[in-house]
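Note that this is a predicted model, so its numbers are computed, not measured. We name chains A, B, ... by the order of the sequence lines, and we start the count at 1 in each one.
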Amino acid sequence: MSERDTFSFIVGGRAGAGVKKAGSVASNLFASMKRYVFQMDDYQSLIRGGHNFVATSTSLRPILSHYMRADLLVALDARSVRAHREDVREDAVLVYNSDEVEEGDLPDGVDAIGVAMKEAAKEYPNPELRLGLAGPTALAACIGLSRDDLAELIEREYKRDLEANQAFADAVYDAVSEKAGGRFELEEGDEERPMLTGNEAIALGACAAGLDVYFAYPMTPASTILHFLAKHGKKLGVTAMQPESEIAVANMAVGAAAVGARAMVGTSGGGFALMEEAFSLAGMAEVPFLGVLSSRPGPSTGVPTYTEQADLHFALHPGQGDIPRVVASPGTVEEAYILAAEMLALVWEFQAQGVLLTEKHLSESRVTAAIDLDSAAEVSPVMHEDGEYKRYVSAENGVSPLLFPPSEELINWTSYEHDESGFTTEEAGEIAAMHDKRNRKTEAMKERLKGMRAVNRHGDGGQVIFTYGSTTMSVLEALKARGLEATVVQPVYLKPFPVWELDEYSGANPIVVEQSSTGQFATLLRYELGVEPSKVITKYDGRPFEPDDLAAELEKAIG
Amino acid sequence: MSERDTFSFIVGGRAGAGVKKAGSVASNLFASMKRYVFQMDDYQSLIRGGHNFVATSTSLRPILSHYMRADLLVALDARSVRAHREDVREDAVLVYNSDEVEEGDLPDGVDAIGVAMKEAAKEYPNPELRLGLAGPTALAACIGLSRDDLAELIEREYKRDLEANQAFADAVYDAVSEKAGGRFELEEGDEERPMLTGNEAIALGACAAGLDVYFAYPMTPASTILHFLAKHGKKLGVTAMQPESEIAVANMAVGAAAVGARAMVGTSGGGFALMEEAFSLAGMAEVPFLGVLSSRPGPSTGVPTYTEQADLHFALHPGQGDIPRVVASPGTVEEAYILAAEMLALVWEFQAQGVLLTEKHLSESRVTAAIDLDSAAEVSPVMHEDGEYKRYVSAENGVSPLLFPPSEELINWTSYEHDESGFTTEEAGEIAAMHDKRNRKTEAMKERLKGMRAVNRHGDGGQVIFTYGSTTMSVLEALKARGLEATVVQPVYLKPFPVWELDEYSGANPIVVEQSSTGQFATLLRYELGVEPSKVITKYDGRPFEPDDLAAELEKAIG
Amino acid sequence: MAREFITEVENTWCTGCGNFGIMNAMKKAVGILEDRDIPKSRIFMTAGIGCHAKIFDYMSLSGLYSIHGRAMATAEGMKLGNPGLRIVAFCGDGDALGEGIAHMMHAAKRNSDITVVMHDNGVYALTTGQRGPTSPRGFKGPSTPEGNNEDPWKPLVLMLEAGATFAARGYSGNVEQLAEIVAAAVEHQGFSFVQVLQPSVTFTNYFEEYNEIVTTLEEGPLEFDEALRLARQEEPLPAGVFYRKEKEPYEVSINRGRNPVEDRMRREKRMKAIGDTLGG
Amino acid sequence: MAREFITEVENTWCTGCGNFGIMNAMKKAVGILEDRDIPKSRIFMTAGIGCHAKIFDYMSLSGLYSIHGRAMATAEGMKLGNPGLRIVAFCGDGDALGEGIAHMMHAAKRNSDITVVMHDNGVYALTTGQRGPTSPRGFKGPSTPEGNNEDPWKPLVLMLEAGATFAARGYSGNVEQLAEIVAAAVEHQGFSFVQVLQPSVTFTNYFEEYNEIVTTLEEGPLEFDEALRLARQEEPLPAGVFYRKEKEPYEVSINRGRNPVEDRMRREKRMKAIGDTLGG
Ligand SMILES: Cc1ncc(C[n+]2csc(CCOP(=O)(O)OP(=O)(O)O)c2C)c(N)n1
Ligand SMILES: Cc1ncc(C[n+]2csc(CCOP(=O)(O)OP(=O)(O)O)c2C)c(N)n1
Ligand code: SF4
Ligand code: SF4
Ligand SMILES: [Mg+2]
Ligand SMILES: [Mg+2]
């Protein structure tokens, strides 16, 4: 086992107490120290109360997961102490709200520092709202940030009610400094990196490729793509719109694409279900269509603010009929950026239908990311040049050139089976020919993918571990945590499934790691590669894998 | 090749000319001769005009397909002659509307009889509407039915404008009798059997099992289930309702089931896409849910009144999340009756979600069926007996007893992840436990299917041919047509896939026959059984296989 | 078995949320209904998804916690399946007029015998405050940081025009009146719509404003035209029963007077009917 | 390239179908619009699925043949994507008020700048004659052999209440007037709704009845209240422009005045904006 090279901070409290903000500020603080950061928000489907926490971990090396065993735990209420009693390291510091927590509730063997937070916050009009500030303040004290640096931080991050904030922070800082001031030494890293979430990366990646319009109906955990693009759309040259339903969303996207606008939509499982009819329409009409499906535990409403990977087969088969489609899932936030751009470009190149499958754990986790912005693909469809236009003219690779209004030519997109001009047909030969044309696009897409990297391979040694999507991060971090050697194989593209890159594994007995109760990814591997996993490690309680715990499971499985 | 033991009659004309009716009356005539009948309606998505035809074939043995090579072709308009020039046997009789058909259009070598139908029909207020009567009349003449018997038939089947009908029929009868009276000798069979379509069989099967309510929104080729139950609901004790959309349909069915009503819904691909969210709801809430999905060529609007099998994978994976489900597809009209009952019983036994997948070719073909009505399964769910009620109490096989209002107990069905009482949970342990409970139902269903016949095997000799759904009929009839020997394996249940009955074929190289352009069924077999088909025979032009043509393909493939 | 009306599920509504008033009113309404011979056991509920919908977990009433936008359809299915029950659907404004408006409109049209209680907080609260169908123009939420680009609807106007045979407005700040209204709505045989002004203290804290402009409609129910006129009015906002009309509920005619689950045919009779149908 | 307005696709409408009148009117309307500087090349259409929708194949106008119930949403996407186009959606009554009513209501609410031409034949014609949202109570179709159990809606009433800024009624039996109405609807900047009385000779052959009761509304557009009153009237049935109001179209504000496809940023500028967003 390698020396521990990570530091973990958890702040917990009721929703509405500024927990999320506290976690973000802590992360920003780490990032400003030029370190790598991974921040995971755990919150319930409610607006006030309950129990929320943020776990943010940092390292001098790239870090791909939060760690649940905290070095510093800040508990804004009694429930946070109870919830995280087991989540503190032996040498941890626990800063708690002594106005709420009973001493008897405190875990043994940690350095517990009580601060009368309620009392200290009484200056505020709504004291509950500002408890969160205790989080970054305690952190600042523990890592030896000076009082001045803290004041500056507060001025930057907690502008409203600044004076009261400073007073509150002072009280916390003093109490913590007294017992644990400078307890943890966190080295500076090499470079300051921006922090962003998976959803932000998807939004920006799509923008990079040339996104014009984004349609979405609010649904956790996809909503923040909408929020981000609504907020920054003006600057980015993107229109973000929230219609009456996901059905409207999907059909508007089809309409927008038919006039040449590069559209994208985003939702979670229930909303995606409602979009399938439009997906099929796009399939027949050959409308470029890209949908982001960010999963949460299902079926149905399920557990809205948590994570799961149980929409895989659902995402692979949306819409009735034979439809050329591309489905892919990013493993990291950086990859989310690249992939969103790549997929937007692909669906436009092939006038195909695409699903960018991800999960809450990637969508909403916030990390320091080193993205080469300019490496993003660019949409550039095949356009009709001149002469008579036929929307569905037969083409060797199935891709008929595009033409947009206004034009003197007749442009006929259609949901009916059709002839080359786009007129409805019920004639046997024409029906079969158009199926063939569309199927040729699938073949052409495969050829295209063969020229790209459709599978990531991480490390090379010993045991083969298959994983995909956000679980990739957990697996890589787990291996790092214990210094385990393995070959991690992560198919980024799931449809067409890149068997050509995976030949060598057919007949293998890999370990499979995924977050679904029925092992949907393992099933896909059985189907496509004929592999028989030696072990399928699943987790389906809504929480992402914890690297130390996963490492232990992996160690056992590797044997 | 065996002696031809079938007789085939085709009547073609414009929509609105009574073609469908003519075909049905011809079929009824065959049935009244105690013969077996298979009637296929080929019609376009329009109300008047275009070209429609009915092909109805009859035999003394059970017959599982229409034949396109007609012994008697009745062409009500010129287009019908053109469309079916190739569809007549050498020794065929062609009766045509000489008011419309040019003699030069007539095929060579057939016995062509012109009848001035327009002229003969001029008595009618709307002559076009009655042209169809020429079909059964010509048939009657050709098979030597007496003028009196014909008069009786018309009285039974063409009541409105009876006198004019008789006069019109007389003119046709005389003209045909003169040249081809009694040309074909059709022996009487052994027993008169009722005729019904696949959709009627599904409706009746569900009724037999105890259907209470049927919700549907019109969509070809599922609409006639709605029409049938609306028409006969009073007698059958079933309420049939047409709400505002398929989304309403599916959610109403969920609501109805939650108060104890045995509900069913039916639609085609586009409507089914819209139902997926409710399907997922039913999965989480454990609401018994049975949906009939009758396919037509897709994607999207596609070719609404024709047939295809390209919704297979779509039907296997509706709804987000891990959902215990059962998907099955009947091979014949008789099986449709049995299976509809069986599936309604199954979804209630396991509080599961089911898809009865079928196609236009089965839904709308009309056949003589020998159904043992009483062999239908009966819905009988596990009911709560007494004591405190918990909707989702943990059970070994995952099935928690049901209780319906009114009751003093609290009954909580829910779309959220929940505890045993049905209250929302976000707690990790409870989330995982409920996934496990639902997955146990899948295991229990598998055990249940093991005790049933989930796969049909027809014949046993030589080459293995895999097929499913309505294509089963085509394959069996094709083998019969040429007297070919083969083992036809037809999985009726497609999810859970009955591998336990198919072990012997893993590694086999069967011929696969199906109606999808991408070979969806072949893919499923590769996935589930690891078979590598020696040949996949597909047809995806909207038309069902024709037995003679398919036989030729099979012969070639068998080698 | 006697149970508390409020379950032991942890309540996570914000302190002061208007939903509390609705739940309290519902508790009283159930009492009123029991006095009018509608036992609690015959009340079956459903709910959409949203803050409003959490009422499902908090009240000890049986039912099915449905999905976003579909509670009205779920409710209709319940009523059709067992017309002997009284069905109440708790919906949000996003639920009922956004995702699910088709069901609302058509349930009113066909006069389905269900009661829809619409918690109108003018916002998609649970999903963090996006604009909804009743949000004012200019409303700033995370999806409209530059302000909502649409004018709001007046729910009572739409429901009256769609065909509701019972239409009322309540205010979560007036629990007594709301209880009476909801009880009357549940008693009414036909489609009942109750718009409840429900401030979200977090996103749309209109309590003060409402306390000034919400008045009591003493003289209701009114004639259709008058009800409609009042439904359009923006200030004051009268609460009370605007409209009520007797009309045969849909479930009576579509079921031909039968109760599908109570009047189910026995197997022999069913098999005979099937035989007859096939024969004839 | 000069093309005939009517394509060579085989027309399969029943002889005498009201849809012919609508297509003829559309042909004239395009001519009128060309005279008013709206070239045919800037008109982009969409349609639902049904008999009405076949107009898509028959007319030589560009567009996207959408799916049942969604043409309104398709149209909104088109307008939003390229606000320089004029978008016309041909819808059936089943399409627009059944499956797709949510889009209709919300398109009107947000004043999306599209024109909806609703072919109102009071029936689901293409699917063989089932009842629809405007079928009279008692209507017998294959799904209601004992008679439709619902009262019909009045489409103009709903659209006016939903927020349509242009609402009109035409009659397929009066092609000249209908052409003028449709041209005015397309010209109007904002949501335009045209209900077209379109008898289905096969299922709802109301030609004789309409010829008696359809009158011409000479004095339109009217004030809102008057328009609404007239929209409720059952006999006579005036045809004409009921209502028109100036109001900023949704696509102007949501796009902040830009045209997404015409004003697309060049890559460098986009990359810079992304960098800035990430940085800040
Ligand atoms: C199909 C679908 N889309 C989106 C969501 C996400 N969602 C949950 S609640 C909600 C809206 C809530 O608004 P409202 O109905 O007004 O309820 P409130 O929270 O304001 O009480 C949304 C969009 C969902 N659950 N399902
Ligand atoms: C999702 C979906 N459901 C059902 C259908 C079948 N369908 C096609 S057209 C139609 C209704 C047609 O009625 P209307 O819109 O009034 O058009 P009309 O034929 O009367 O012109 C229906 C239900 C479909 N295509 N898609
Ligand atoms: S967010 Fe608003 S609606 Fe939701 S619980 Fe809080 S106050 Fe109530
Ligand atoms: S069925 Fe009716 S609407 Fe359809 S084409 Fe014929 S007359 Fe027209
Ligand atoms: Mg709300
Ligand atoms: Mg219609």
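Most heavy-atom pairs under 4.5 Å with chain C: of the set B:Ala256, B:Ala261, B:Ala257, this distinction falls to B:Ala256. Chosen from C:Asp57, C:Val9, C:Ile49, C:Ile43, the residue pairing most often with chain B at heavy-atom distances under 4.5 Å is C:Asp57. With chain C as the partner, the residue from B:Val238, B:Leu236, B:Val213 showing the most heavy-atom pairs under 4.5 Å is B:Leu236. Put simply, of B:Asp419, B:Ile247, B:Val254, B:Leu196, the one with the most heavy-atom pairs under 4.5 Å next to chain C is B:Ile247. Contact tally against chain B (heavy-atom pairs below 4.5 Å) for C:Ala71, C:Ala75, C:Gly81: the top residue is C:Gly81. Among C:Ser41, C:Ser66, C:Ala273, the residue making the largest number of heavy-atom pairs under 4.5 Å with chain B is C:Ser41. Heavy-atom pairs under 4.5 Å with chain C were tallied for B:Ser280, B:Ala253, B:Gly233, B:Ala203; the largest tally goes to B:Gly233. Ranked by heavy-atom pairs under 4.5 Å with chain B, the first of C:Met105, C:Lys272, C:Arg256 is C:Arg256. Here B:Ala376 is the residue among B:Ala376, B:Ser245, B:Ala240 with the most heavy-atom pairs under 4.5 Å with chain C. In terms of non-hydrogen atom pairs under 4.5 Å with chain B, the most contact-rich of C:Arg42, C:Arg110, C:Lys109 is C:Arg110. Among B:Pro194, B:Gly210, B:Ala369, the residue making the largest number of heavy-atom pairs under 4.5 Å with chain C is B:Gly210. With chain B as partner, the option from C:His106, C:Met265, C:Arg270 having the largest number of non-hydrogen pairs under 4.5 angstrom is C:Arg270.
Contacts between C:Tyr250 and chain B at a heavy-atom distance below 4.5 Å involve the side chain alone, from C-beta outward. With a 4.5 angstrom heavy-atom cutoff, B:Lys234 touches chain C via backbone and side-chain atoms both. With a 4.5 Å cut-off on non-hydrogen atoms, B:Glu200 does not touch chain C at all. In this structure, no portion of B:Tyr389 lies under 4.5 Å from any heavy atom of chain C. For C:Ile254, the parts lying under 4.5 angstrom from a heavy atom of chain B are both the backbone and the side chain. At a 4.5 Å heavy-atom cutoff, the contact between B:Ala230 and chain C is made by backbone atoms alone. With a threshold of 4.5 angstrom between heavy atoms, C:Thr46 does not approach chain B through any atom at all. The contact between B:Phe423 and chain C is made by backbone and side chain atoms together, counting heavy-atom distances below 4.5 Å.
Using bins of under 30°, 30° to 60° and over 60° for the plane-to-plane angle, the ring pair C:His68/C:Tyr124 lands in the perpendicular bin. By the 30° and 60° cut-offs, the orientation of the rings of C:Phe56 relative to C:Tyr65 is tilted.
Around CD of C:Glu8, the count of heavy atoms belonging to other residues, nucleotides or ligands within 6.0 Å does not exceed 12. The local environment of CD in B:Glu385 is sparse, with at most 12 non-hydrogen atoms from other residues, nucleotides or ligands closer than 6.0 Å.
The structure places CG of B:Leu229 at 12.0 Å from CZ of B:Phe215, a figure rounded to the nearest 0.5 Å. Interatomic distance, B:Met275 CE to B:Leu281 CG, rounded to the nearest 0.5 Å: 13.5 Å.
A centroid separation of less than 6.0 Å is found between the aromatic rings of B:Phe289 and B:Phe279.
Legend: residues meeting salt bridge (charged side-chain N to carboxylate O under 4.0 Å, His left out) with C:Asp93, ordered by chain and number and at least two apart, are absent.
Stacking of B:Arg193 on the aromatic ring of B:Tyr36 is recorded, both the 6.0 Å distance cut-off and the 45° axial limit being met.
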Item to complete: Just do the side-chain contact (heavy atoms from CB on, under 4.5 Å) check on C:Asn111 and C:Glu248 with the steps written out, would you?
Response: CA-CA 8 Å; C:Asn111 196 32; C:Glu248 188 185 57; 5.9 Å; no
Practice prompt. Kindly determine whether C:His52 and C:Met118 satisfy side-chain contact (heavy atoms from CB on, under 4.5 Å), including the steps that lead there.
Written response: CA-CA 9 Å; C:His52 67 277; C:Met118 190 181 95; over 6 Å; no
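At least one side-chain heavy atom of B:Tyr392 sits less than 4.5 Å from a side-chain heavy atom of B:Met434.
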